[in-house]
Amino acid sequence: MLAKKTALITGITGQDGSYLAELLLDEGYRVVGMTRRTSTEVHERIEHLVDRIEIVSGDLLDQSSMTKLIDDVRPSEVYNLAAQSFVPTSWSQPVLTGEFTALGVTRVLDAIRQVDTNIKFYQASSSEMFGKVQETPQREETPFYPRSPYGVAKVYGHWITVNYRESYDMFAVSGILFNHESERRGKEFVTRKITDGVARIALGLQKQLALGNLDAKRDWGFAGDYVRAMWLMLQQAGPEDYVIATGRTHTVREFCRLAFAAADLDYERYVVEDARFMRPAEVDLLIGDPSKAARVLKWVPETTFEQLIDRMVRADIARLRPLASV
Ligand code: NAP
Ligand code: GDD
């Protein structure tokens, strides 16, 4: 019998970490998740997995803890998903975002270099790196032009991954993922803010929904589909970078229209524009070209935009319904 492969996931408590842990368990892996020390331990997204995964403590800000962790766990694959991932916070905490989202990547890579260069590494890169887009649709070769401290930090993370691959012959890949969402998405991100708002309005718990730029366009997919692409990248013969996207784009307004319609509501009656949610520099349009992923990884997204919105609205209504009957 083949020995079980071990995967170490940083950011296992996040949206993607929880879906990736489920996928790797299904694939027969021993799954180890790194969490940072907090005074209260709330791991809502992975509560259903706690008996099947191992949780270890570590922080991307601390090099020695990362090296010791990699040495102790001896994973065959490392998925570096941990990051300060909310774009607006990167303007209010630019240095911390850089420490974590940029230099944190070097810390993990260097830990691997010191312990065992045969460990495969996945870096969670982002379409936010394309920023003020230089080409449409965006593909692996499209030049980056980040528009936020977060985007700048991710560009660093991307290139340090490429550099360790080329310097030390490591199997290190950068997955350039476009926005992906689910009912587990943080409520500060626009899709979940909208579906949570729709549910509250439908249940009489809220009257209005204040949003920022309704004209921004994003290529939105389902997180459950996207974590499969991460795994596939590490199962290839050689390390390469891939764009993961649906190839379709929609405005925030369009997302609102469909999400409110899913609860038989007209968004124009409830959505108000609020300057507080506008950004100092915006990414106006993202649309990815996933043809390399389709050709090499045989990856195609399975969930449509409409199905994604429908499942998110239904999940938020089901979650909030008990509050409405109090
Ligand atoms: P998320 O829900 O915000 O999760 C982020 C994770 O990082 C959480 O587990 C968080 O742990 C952890 N983390 C934050 N600061 C940490 C620290 N100092 N030490 C250790 N862990 C820390 O993000 P996501 O949507 O799952 O995204 C996963 C990754 O993909 C991120 O790197 C993100 O930037 C990138 N990405 C996401 C998308 C997308 O559309 N979702 C697209 C492209 C790239 P706590 O629970 O302790 O906060
Ligand atoms: N968050 C938020 N809140 N965004 C709003 C709002 C609002 O009230 N109103 C409009 N928007 C617009 C933003 O200006 C942006 O253009 C778009 O909605 C999407 O915003 P977010 O959902 O916050 O996501 P993001 O695109 O900035 O970043 C996400 O995707 C990246 C990949 O492209 C994050 O998950 C990043 O971590 C990820 O790398």
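For this chain, numbers begin at 1 and follow the sequence in order. Each ligand, and each atom within it, is numbered from 1 in the order the structure gives.
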Check whether Y19 forms a cation-pi arrangement with R184 (NZ or CZ under 6.0 Å from the six-membered ring centre, at most 45° off the ring normal). yes
For atom 5 (C) of ligand 2, what's the nearest protein heavy atom and its distance? V190 CG2, 3.4 Å
Top protein contact for atom 2 (O) of ligand 1, by heavy-atom distance: Q15 N, 3.1 Å
In this structure, atom 1 (P) of ligand 1 is nearest to the protein heavy atom S85 OG, 3.7 Å
F121 and F171 aromatic centres sub-6.0 Å: no
Quick check on R279: does its CZ atom have over 12 non-hydrogen neighbours (other residues, nucleotides or ligands) under 6.0 Å away? yes
Just jot down the ligand 1 atoms closer than 4.0 angstrom to any heavy atom of S125, in number order. 43 (C), 44 (C)
Considering only protein heavy atoms, which is closest to atom 15 (C) of ligand 2, and at what distance to one decimal place? R218 NH2, 3.4 Å
Can you find an N or O of L177 that's nearer than 3.5 Å to an N or O of ligand 1? no
Do T106 and Y156 pass the side chain to side chain donor-acceptor pair (under 3.5 Å) test, and can you show the C-alpha distance, the side-chain angles, and the key distance before you say yes or no? CA-CA 9 Å; T106 311; Y156 175 94; 2.9 Å; yes
Are any of the N/O atoms on G14, whether in the backbone or the side chain, positioned under 3.5 angstrom from an N/O atom of ligand 1? yes
Test: D241 and R165 ion pair at under 4.0 Å: yes
What protein heavy atom sits nearest atom 10 (C) of ligand 2, and how far off is it? N213 O, 3.2 Å
Please determine if E99 and R107 form a salt bridge, counting it only when a charged side-chain N lies under 4.0 Å from a carboxylate O. yes
Side-chain heavy atoms of V252 within contact of N213, under 4.5 Å: no
Considering only non-hydrogen protein atoms, determine which one is nearest to atom 30 (O) of ligand 2 and report residue, atom name and distance to 0.1 Å. N179 ND2, 3.0 Å
Would you mind checking which non-hydrogen protein atom is closest to atom 8 (C) of ligand 1, with the distance to 0.1 Å? T13 OG1, 3.5 Å
Starting from atom 34 (O) of ligand 1, find the nearest protein heavy-atom neighbour and note its residue, name and distance. Y150 OH, 2.6 Å
So the atoms of ligand 1 within less than 4.0 Å of a heavy atom of D59 turn out to be 17 (C), 18 (N), 19 (N)
What protein heavy atom sits nearest atom 8 (O) of ligand 2, and how far away is it? K193 NZ, 2.7 Å
Is K68 salt-bridged to D71, going by a charged N under 4.0 Å from an acidic O? no
Please report the closest heavy-atom contact between M66 and V108, naming both atoms and the distance. CE-CG2, 3.9 Å
Can you find a pair of side-chain heavy atoms, one from L323 and one from L203, that are under 4.5 Å apart? no
Atom 37 (O) of ligand 2 - nearest protein heavy atom and its distance: S85 O, 2.6 Å
Any nitrogen or oxygen of K154, side chain or backbone, less than 3.5 Å from one on ligand 1? yes
of all protein heavy atoms, closest to atom 47 (O) of ligand 1 is R36 NE, 2.8 Å
Side-chain touch F222/R311, heavy atoms, less than 4.5 angstrom: yes
side-chain hydrogen bond (donor to acceptor under 3.5 Å, both in side chains) test vs H180 passes for just one of D16, D219, T303, D225, namely D16
Close side-chain approach of T117 and Y164, heavy atoms under 4.5 Å: no
So if I count the atoms of ligand 2 from 1 in the order they appear, which ones are less than 4.0 Å from some heavy atom of A216? 16 (O)
Counting from 1 in the order shown, the ligand 1 atoms closer than 4.0 Å to a non-hydrogen atom of N179 are 40 (O)
Using 30° and 60° as the class limits, which term best fits the ring planes of F305 and H250: parallel, tilted or perpendicular? parallel
Give the atom numbers and elements of ligand 2 that come within less than 4.0 Å of a heavy atom of L286. 33 (O)
Among L96, I176, L81, which one puts a heavy atom closest to atom 32 (O) of ligand 1? L81
Proximal atoms of ligand 2 relative to S127 (non-hydrogen, under 4.0 Å): 32 (C), 33 (O)
So which bit of A223 gets within less than 4.0 Å of ligand 1, heavy atoms only: side chain, backbone, both or neither? neither
Heavy atoms from other residues, nucleotides or ligands near CG of D169 exceed 12 (cutoff 6.0 Å): no
Out of all atoms in ligand 2, which are within 4.0 Å of some heavy atom of S126? Include the element for each. 31 (C), 32 (C), 33 (O), 38 (C), 39 (O)
Evaluate the criterion ring pair (Phe, Tyr, Trp, His ring centres under 6.0 Å) for residue pair F144 and F130; output intermediate values, then yes/no. CA-CA 4 Å; F144 301 135; F130 296 121; 5.5 Å; yes
Between V87 and ligand 2, which part of the residue brings a heavy atom under 4.0 Å of the ligand: side chain, backbone, both or neither? side chain
Using heavy atoms and a threshold below 4.0 Å, how should the contact between L214 and ligand 2 be classified: side chain, backbone, both, or neither? neither
Among E282, R185, R279, which one puts a heavy atom closest to atom 21 (P) of ligand 2? R279
A side-chain contact here means heavy atoms from C-beta on lying under 4.5 Å apart; do V190 and W220 qualify? yes
Taking only heavy atoms of L211, which atoms of ligand 2 are found under 4.0 Å from at least one of them? 8 (O), 9 (N)
Nearest neighbour in protein (non-hydrogen) for atom 30 (O) of ligand 1: A124 CB, 3.4 Å
For atom 9 (N) of ligand 2, what is the nearest protein heavy atom, given as residue, atom name and distance? G212 N, 2.8 Å
Compute the shortest N/O to N/O distance between A83 and ligand 1 and return yes if it is under 3.5 Å, no if not. yes
Report yes if some N/O of Y150 lies less than 3.5 Å from some N/O of ligand 2; otherwise report no. yes
Is the shortest distance from a Lys or Arg side-chain nitrogen in D284 or K217 to a carboxylate oxygen in the other one below 4.0 Å? no
Checking a contact table here: which protein heavy atom is nearest atom 1 (N) of ligand 2, and how many Å away? E188 O, 2.9 Å
Geometric N/O contact F86 with ligand 2, under 3.5 angstrom: no
N/O of D16 under 3.5 Å from N/O of ligand 1, yes or no? yes
Which atoms of ligand 2 have any heavy atom of E128 under 4.0 Å away? 33 (O)
Ionic contact status for E240 with K292, cut-off 4.0 Å: yes
Is any N or O atom of R185, backbone or side chain, closer than 3.5 Å to an N or O atom of ligand 1? yes
Can you report which non-hydrogen protein atom sits closest to atom 16 (C) of ligand 1, along with the distance? F100 CZ, 2.3 Å
Between E181 and K193, is the salt bridge (charged side-chain N to carboxylate O under 4.0 Å, His left out) condition met? List the steps. CA-CA 11 Å; E181 318 293 315; K193 183 174 169 183; over 6 Å; no
What protein heavy atom sits nearest atom 38 (C) of ligand 1, and how far away is it? H180 CE1, 3.3 Å
Centroid-to-centroid, Y226 to W299, below 6.0 Å? yes
Should W220 be counted as touching ligand 2, given the test is an N or O pair under 3.5 Å? no
